[in-house]
Amino acid sequence: MNREKVMNLIGLSLLAACFAIALTRVFSRTATHLGSDVVTIRFAHYQLESGVRGAFDAIAREYEKIHPGVVVEQMSIPENVYPTWTVTQLAGGTAPDLIEFGNSTGTDERLARYFQPLTEWVGSPNPYNKGTSLEKTPWRQTFLDGLTGWPNYNTNLLEIYGMPNTVVTIRIFYNRDLYRKIIGNETLPRTYQEFIEVCRKVEQDGERITGHKVIPIAGSKSNAPRITESLFCGQVQKLWAQYQGDDLRQANGNEAVLRFAVLKHKLSLYDPAIQSAYQITHDAGQYMQPGFMQLNREDAVFTFTQGNALMIATGSYDTVSLTSQAPFEIGVFPVPYPTKDDPTYGKFVFGPATEAGAPTQGSFLLYMESKHKQQALDFLRFMTSQKMNALFAAKSGWLPAVIGVDVDEKMKPFMPVMDGYINGFRPFWGADTYRVIDNNQYLLLGSDGSVKKFLDALSRDFEGALISDSQNVNKTSRNNLLRQDVALASYMQLSREGAAPAAAKKVSELNEIETKLELDLDDGILEMNELGLPPMK
């Protein structure tokens, strides 16, 4: 028998053995749970960072201790396949009881079709907070943000869908040993100008001092926007205030104001503030490795943890992963904003942005067709109780989402910065404008890129993308209105028959929802009619 046949035989034998082991595990697990008195709750997420799965597992085991007839199974799905996996599970009717909120689950259509609104339960206290300072507090008010914003509260459906586990803040992580070696001290940058000086020092002297090439900032398509979008938003603070008037609470929301301002030629992409925002984006991008927008998050993390980059920007969720992988001590500091006296970028800013009101995230949704909906809802209450959120924060190294949970000393630098100004708008205002911007990013962030090249290319397709986004918003509002019509009719009938005591209250709530949806739709249609454009696709 020749070598090739032997290798093929060994390969087939290993494959057969792996299949047999997997099959045995599946059947043994199924057999364990076949008893009619055993309830299995499954929850899926894509958080593969160090410590997170262990934290969720600890919570599951605690729940099983007080619920002997319940088995809780954790399903951790890689992030790159999570969207496809989720859509497949939902379409096939095989989705787990609880699913972490993601881009694939967060559309209005999928939320309304596949997930149970939690609004009717959040007004009552969480029973698992008994004996704590939150014992009599409504479940909704036990969270730091009161579940008032994305991704937990859907402003189109006007329902609460998600129950969160953490608050995410963005920080710049740096290699302390490398910083001291190249910079000569550990004085951290407090302003954008000081930050750029650090980057320049690394670029100019890093290789000479260390003996190898050092990149100032490890970039990727996931990590770079943590810096560039923050700086962009800072440059349009005053412009955003101008379009929002006195109602600055809407920051980063109500993008229709901007869409129609551009379509009516009241606002141009060449507005000095927008040009400045893209210029600062370009400038920051020049201190990342070439081609970083084609790299994945893992590539940036590898570059940083190997000591080939001084800094990396990411969320508080990466703390444990980075510290466990890096063979050096890591420090952190907030993204530095330009000050008002910055000679280049000062005239467009109010000042550093506040992180007050940062939305709670890591949220789980309840699958509408769950066979054990009440038990899954009960586990969701347990998971988000003060005691369990404290356990989660301690084991995962993430910030807590629940009020009254102590923060570990090493996580205090990640606590939201409460002082500062409301930020400006994001650099995109819908799915189609995002696509157009993303397709032309290389003209801005490439080594030979420039703001003029980027804006000239962007302006060719941007207006059409804005029209498409506006039409999609109107279509979504109409579909949501039709959806609520069915629910309203059902609750009105229940109210008339007296079959459900809470039906009358629900009728009142749905009437308010429909009024809001109708106003939004009317405004959108009027704007499009004024422009002589079809209001919907």
Side-chain angles (χ1 to χ4, degrees), residues 169-176 178-209 214-219 223-241 271-289 292 304 309-314 330-355 413-414 417-427 444-447 449-452 454:
T169 57
I170 303 302
R171 296 291 182 267
I172 296 178
F173 294 70
Y174 68 97
N175 182 329
R176 295 188 66 186
L178 207 53
Y179 194 100
R180 287 190 291 261
K181 186 179 291 185
I182 297 174
I183 308 303
N185 56 59
E186 204 172 346
T187 303
L188 299 177
R190 294 170 298 174
T191 68
Y192 173 75
Q193 193 60 43
E194 292 174 353
F195 175 65
I196 291 300
E197 287 301 321
V198 169
C199 292
R200 287 173 182 157
K201 177 73 173 172
V202 174
E203 195 170 63
Q204 292 169 5
D205 301 329
E207 187 169 5
R208 176 180 59 79
I209 293 172
V214 180
I215 300 163
I217 309 166
N223 298 91
R226 303 302 187 191
I227 293 179
T228 57
E229 286 186 13
S230 295
L231 295 173
F232 181 102
C233 289
Q235 287 298 288
V236 293
Q237 283 177 324
K238 290 183 177 179
L239 182 64
W240 184 233
D271 183 277
I274 294 179
Q275 288 197 66
S276 182
Y278 279 121
Q279 187 62 55
I280 200 171
T281 299
H282 167 81
D283 292 351
Q286 300 311 298
Y287 294 105
M288 301 179 195
Q289 67 270 49
F292 65 88
F304 176 70
L310 178 65
M311 299 174 283
I312 185 172
T314 187
I330 291 176
V332 298
F333 59 90
V335 176
Y337 283 78
T339 55
K340 292 181 181 180
D341 58 358
D342 187 292
T344 306
Y345 297 112
K347 60 183 176 180
F348 298 111
V349 303
F350 286 130
T354 179
E355 293 174 325
F414 299 92
V417 176
M418 306 307 289
D419 295 331
Y421 297 87
I422 290 177
N423 226 342
F425 54 81
R426 298 175 298 171
L444 176 68
L445 298 171
S447 57
S450 72
V451 174
K452 185 180 186 308
F454 173 73

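Treat the numbers as computed from the prediction; the structure is a model and nothing was measured.
Using a 4.5 Å cut-off on side-chain heavy atoms (C-beta onward), Thr191 and Asp342 make no contact. The closest side-chain heavy-atom distance from Pro352 to Val417 is not below 4.5 Å. Between Leu239 and Phe425, some side-chain heavy-atom pair lies under the 4.5 Å cut-off. Side-chain atoms of Pro334 and Thr169, non-hydrogen and from C-beta on, never get closer than 4.5 Å to each other. Under the 4.5 Å side-chain criterion, counting only non-hydrogen atoms from C-beta, Ile209 is in contact with Lys181. Residues Tyr337 and Asn423 have side chains in contact (heavy-atom distance under 4.5 Å, counting atoms from C-beta outward).
Between the side chain of Glu194 and the backbone N or O of Arg190, at least one donor-acceptor pair lies under 3.5 Å. Remark: the backbone N or O of Gly351 is paired with a side-chain donor or acceptor of Gln237 at under 3.5 angstrom. Using a distance-only test at 3.5 Å, with no hydrogens or angles considered, no donor-acceptor pair links the side chain of Thr354 to the main chain of Tyr421. Within the 3.5 Å criterion, the main-chain N or O of Arg226 finds a donor-acceptor partner in the side chain of Ser230.
One finds the CZ atom of Arg180 at 9.0 Å from the CG atom of Asn175 (value rounded to the nearest 0.5 Å). Interatomic distance, Gln279 CD to Thr344 OG1, rounded to the nearest 0.5 Å: 9.0 Å. Gln193 contributes atom CD, which lies 8.5 Å from atom OG1 of Thr339 (distance to the nearest 0.5 angstrom). Note that the CD1 atom of Ile172 and the CD1 atom of Ile227 stand 4.0 Å from one another [nearest 0.5 Å]. For the atom pair CD1 of Ile312 and CD1 of Ile217, the computed distance is 10.5 Å after rounding to the nearest 0.5 Å. In this structure, CZ in Phe348 is found 8.5 Å from CD in Gln275, a value given to the nearest 0.5 Å.
For Phe304, the ring-ring contact (aromatic ring centres under 6.0 Å, His included) criterion is met by Phe328, not counting sequence neighbours. For Tyr345, the ring-ring contact (aromatic ring centres under 6.0 Å, His included) partners are Tyr192, not counting sequence neighbours. Residues passing the side chain to side chain donor-acceptor pair (under 3.5 Å) test with Asn185 are Thr187, sequence neighbours excluded. Listed by chain and residue number, Gln289, Thr303, Ala309 satisfy the side chain to side chain contact (heavy atoms under 4.5 Å, CB included) test with Ile215 (two or more places apart in sequence, or in another chain). Scored by the side chain to side chain donor-acceptor pair (under 3.5 Å) test, Asn223 finds Ser220 as partners (sequence neighbours excluded). Remark: Gln286 engages His282 in a side chain to side chain donor-acceptor pair (under 3.5 Å) (not counting sequence neighbours).
Nearest heavy atom pair, residue Ile280 against residue Gln235, reads CG2-CG, 3.9 Å. Closest approach of Gly285 to Phe292, counting heavy atoms only: O-CE2, 3.5 Å. Between Tyr278 and Pro427 the shortest heavy-atom distance is OH-O, 3.5 Å. In terms of heavy-atom proximity, Tyr179 sits nearest to Pro189 at OH-CD, 3.4 Å.
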So Ile196 and Tyr287, side chain to side chain contact (heavy atoms under 4.5 Å, CB included) or not? Walk me through it. CA-CA 9 Å; Ile196 291 300; Tyr287 294 105; 3.9 Å; yes

If you apply the rule ring pair (Phe, Tyr, Trp, His ring centres under 6.0 Å), what do you find for Phe414 with Phe173, and how did you get there? CA-CA 11 Å; Phe414 299 92; Phe173 294 70; 5.6 Å; yes

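No more than 12 heavy-atom neighbours from other residues, nucleotides or ligands sit within 6.0 angstrom of NZ on Lys452.
Partner of Tyr174 under the side-chain contact (heavy atoms from CB on, under 4.5 Å) criterion, out of Val198, Leu188, Ile330: Leu188 alone. Thr281 pairs in a side-chain contact (heavy atoms from CB on, under 4.5 Å) with only one of the listed residues (Val451, Thr228, Leu231), which is Thr228.
Between Arg200 and Glu197 there is a salt bridge, since at least one side-chain N of the basic residue sits less than 4.0 Å from a carboxylate O of the acidic one.
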